[in-house]
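Read through the structure below, which is laid out as structure tokens, and then see the notes.
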There are 4 protein chains.
Amino acid sequence: MAGAGHNAPVAAQELKALMERVETLDDERIAIGEQAKSVYAEAKAAGFDVKSMRRLVALRRKDRTKVLEDKAILELYASALGCLDLV
Amino acid sequence: MAGAGHNAPVAAQELKALMERVETLDDERIAIGEQAKSVYAEAKAAGFDVKSMRRLVALRRKDRTKVLEDKAILELYASALGCLDLV
Amino acid sequence: MAGAGHNAPVAAQELKALMERVETLDDERIAIGEQAKSVYAEAKAAGFDVKSMRRLVALRRKDRTKVLEDKAILELYASALGCLDLV
Amino acid sequence: MAGAGHNAPVAAQELKALMERVETLDDERIAIGEQAKSVYAEAKAAGFDVKSMRRLVALRRKDRTKVLEDKAILELYASALGCLDLV
DNA sequence: ACTGAAGGCTGCCCGC
DNA sequence: GCGGGCAGCCTTCAGT
């Protein structure tokens with residue numbers, strides 16, 4: 001099914017090399033995540049609401065047009081259900 | 001560490017009974033999920049946006065007061081960043 | 001984009017009816033989830049490891065053949081990396 | 001509730017600065033994620049099973065002792081249920 | 001058949 | 001030290 005291992009030992013060397021690259025990248029990614037966490041800790045110490053900051057970061061990363069469209073639909077539906085204030 | 005298995009075979013009968021109960025409940029849960037999926041399919045066929053419906057369902061299930069508070073903070077921050085229109 | 005609202009108020013009645021059906025199903029789903037949680041709590045009180053039980057439940061729900069295949073690949077790779085004992 | 005904004009405009013400048021730092025870190029994190037994705041694509045092209053590679057990466061990052069303990073419990077339970085071959 | 005998204009589950013961190 | 005809440009990963013499904 002795999003198609004990979006035409007030779008029994010699965011090209012262990014190749015696999016090892018790929019895994020090492022991935023693991024290195026993962027280490028970097030985690031290190032950066034820790035830096036971000038530090039910044040959020042600072043923000044929290046300064047009295048900001050971290051959860052809201054995260055939501056805003058995510059929102060701003062998305063495509064602006066799409067966000068506005070989604071928002072419009074949500075408001076339309078909420079209005080139909082009589083709970084416009086929630087959105 | 002566990003504390004459970006004071007007797008070697010781990011009270012296999014007890015474990016089996018518990019697992020069966022969980023698995024039965026799981027079957028029911030999945031069946032209901034499929035019914036919900038059908039309703040969403042109907043909604044989609046009628047031209048509604050399923051994703052927005054899901055968001056609204058989730059929003060309405062949450063505590064109203066908390067939703068309003070969170071919304072207020074988000075708007076405050078968005079306004080500080082000059083992107084109030086996104087929220 | 002939506003195609004739904006050929007009439008301005010978005011067929012609010014239809015949307016409401018659909019939402020109610022979904023929310024009812026959701027309530028049931030949540031109730032069952034709580035029952036499952038109770039069973040796990042019982043299990044924990046009896047000394048069983050809940051996390052392992054969950055893993056086993058998930059494993060048993062899957063297609064047996066596929067599980068065995070996946071297991072074989074994982075062992076092959078682990079062996080290539082010299083950490084067969086982990087899997 | 002917040003404690004932060006003793007001054008009405010919520011210290012918009014401070015918030016902006018924090019958000020920018022977070023967003024920069026996020027950009028880096030995403031870029032690295034894309035590199036990892038590339039490596040996995042390479043691996044796939046070479047015939048390896050990406051899912052198994054991911055599982056192995058996750059497994060190797062965890063604490064070795066804990067992994068072995070978890071494995072032992074899982075095998076114990078599986079054996080009690082008569083499906084040791086699955087784990 | 002593959003890619004991208006959406007939901008559910010697991011692992012992690014904070015608060016109690 | 002435990003339980004709850006949050007972020008990330010895996011899995012599943014719709015779309016192409």
Side-chain angles (χ1 to χ4, degrees), chain A residues 1 3 22 25-26 29-30 32-41 43-45 49-55 57-58 61-63 66-67 70, chain B residues 1 3 22 25-26 29-30 32-34 36-38 40-45 49-58 61-63 66 70, chain C residues 1 22 25-26 29-30 32-34 36-38 40-41 44-45 49-63 66-67 70 74, chain D residues 22 25-26 29-30 32-34 36-38 40-41 44-45 49-63 66-67 69-70 73-74:
Chain A
M1 241 99 269
V22 166
L25 289 168
D26 246 39
R29 196 178 49 75
I30 289 170
I32 290 175
E34 276 158 12
Q35 292 178 52
K37 185 182 292 191
S38 298
V39 178
Y40 280 122
K44 177 172 185 166
D49 181 74
V50 170
K51 182 177 161 188
S52 295
M53 286 178 66
R54 287 185 186 275
R55 279 179 67 183
V57 168
R61 193 191 333 288
K62 288 189 193 170
D63 176 66
K66 184 134 197 17
V67 169
D70 287 352
Chain B
M1 242 101 271
V22 166
L25 289 168
D26 246 39
R29 196 178 48 76
I30 289 170
I32 291 176
E34 277 158 11
K37 186 182 290 191
S38 298
Y40 280 122
E42 254 186 71
K44 176 170 188 167
D49 182 74
V50 170
K51 180 177 161 189
S52 296
M53 286 178 66
R54 286 185 186 275
R55 280 179 66 185
L56 208 41
V57 167
R61 195 193 335 286
K62 288 189 194 170
D63 176 67
K66 185 135 198 13
D70 287 353
Chain C
M1 242 101 265
V22 165
L25 290 168
D26 245 39
R29 195 179 48 76
I30 289 169
I32 289 175
E34 276 159 11
K37 189 184 283 193
S38 297
Y40 280 123
K44 177 172 186 166
D49 181 75
V50 170
K51 177 180 154 189
S52 296
M53 286 177 66
R54 286 186 185 274
R55 281 178 66 184
L56 211 38
V57 167
L59 216 43
R60 283 156 59 94
R61 196 193 337 283
K62 289 189 194 171
D63 175 66
K66 185 135 198 11
V67 169
D70 287 352
L74 194 62
Chain D
V22 165
L25 290 168
D26 246 39
R29 196 178 49 77
I30 288 169
I32 290 175
E34 276 158 11
K37 189 183 281 193
S38 299
Y40 280 122
K44 177 172 184 167
D49 181 73
V50 170
K51 179 179 157 189
S52 296
M53 286 178 65
R54 286 186 185 273
R55 281 179 68 184
L56 210 40
V57 167
L59 214 44
R60 281 156 60 92
R61 191 193 324 291
K62 287 190 196 172
D63 176 67
K66 186 138 196 12
V67 169
E69 281 174 9
D70 287 352
I73 298 176
L74 193 62

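Being a predicted model, the structure only gives us computed values, none of them experimental. The chains referred to below are lettered A, B, ... by the order of the sequence lines, with proteins before strands, and numbering in each begins at 1.
- Which of F/dT11, F/dC13, F/dC10 sits closest to the side chain of D/Arg54 comes down to F/dC10.
- The interatomic distance linking A/Asp49 (CG) with F/dG5 (P) rounds to 15 Å, in whole Å.
- Every residue two or more places apart in sequence or in another chain that forms a side-chain contact (heavy atoms from CB on, under 4.5 Å) with A/Val39 is listed here: D/Leu18, D/Arg21, D/Val22, D/Leu25.
- Atoms CE (A/Met53) and P (F/dC6) sit 16 Å apart, rounded to a whole Å.
- The interatomic distance linking A/Arg55 (CZ) with F/dG5 (P) rounds to 17 Å, in whole Å.
- Interatomic distance, D/Ile32 CD1 to A/Ile32 CD1, rounded to the nearest 0.5 Å: 3.5 Å.
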Review point. A/Asp70 and A/Lys62: side-chain contact (heavy atoms from CB on, under 4.5 Å), yes or no, with the steps?
Key: CA-CA 11 Å; A/Asp70 287 352; A/Lys62 288 189 193 170; over 6 Å; no

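- Positionally, the nearest nucleotide of DNA chain E for D/Lys37 lies more toward the 5' end than for the other of A/Lys37 and D/Lys37.
- Heavy-atom contacts from other residues, nucleotides or ligands closer than 6.0 Å to CZ of D/Arg55 number 12 or fewer.
- In this entry the distance linking CD1 of B/Ile30 with C1' of F/dC13 reads 15 Å, nearest Å.
- Nucleic acid contact class of D/Lys44 (heavy atoms, under 4.0 Å, all strands): sugar-phosphate only.
- Judged by closest nucleotide on DNA chain F, A/Lys51 is the one of A/Lys51 and D/Ala58 placed further toward the 5' end.
- A 4.0 Å heavy-atom criterion places the boundary nucleotides of DNA chain E facing chain A at E/dC13 to E/dG15, written 5' to 3'.
- Residue A/Tyr40 contributes atom OH, which lies 11 Å from atom C1' of F/dA7 at whole-angstrom precision.
- Rounded to whole Å, atom C1' of F/dC9 lies 11 Å from atom CG of A/Asp26.
- Comparing F/dA7, F/dG8, F/dA14 against the side chain of D/Arg29 picks out F/dG8 as the nearest.
- Using a cut-off of 4.0 Å between Lys/Arg side-chain N and Asp/Glu carboxylate O, A/Asp49 and A/Lys44 are scored as not salt-bridged.
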Review point. Taking it one step at a time, do A/Arg54 and A/Val57 satisfy side-chain contact (heavy atoms from CB on, under 4.5 Å)?
Key: CA-CA 5 Å; A/Arg54 287 185 186 275; A/Val57 168; 5.6 Å; no

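- Side-chain atoms of B/Ile30 and C/Arg61, non-hydrogen and from C-beta on, do get closer than 4.5 Å to each other.
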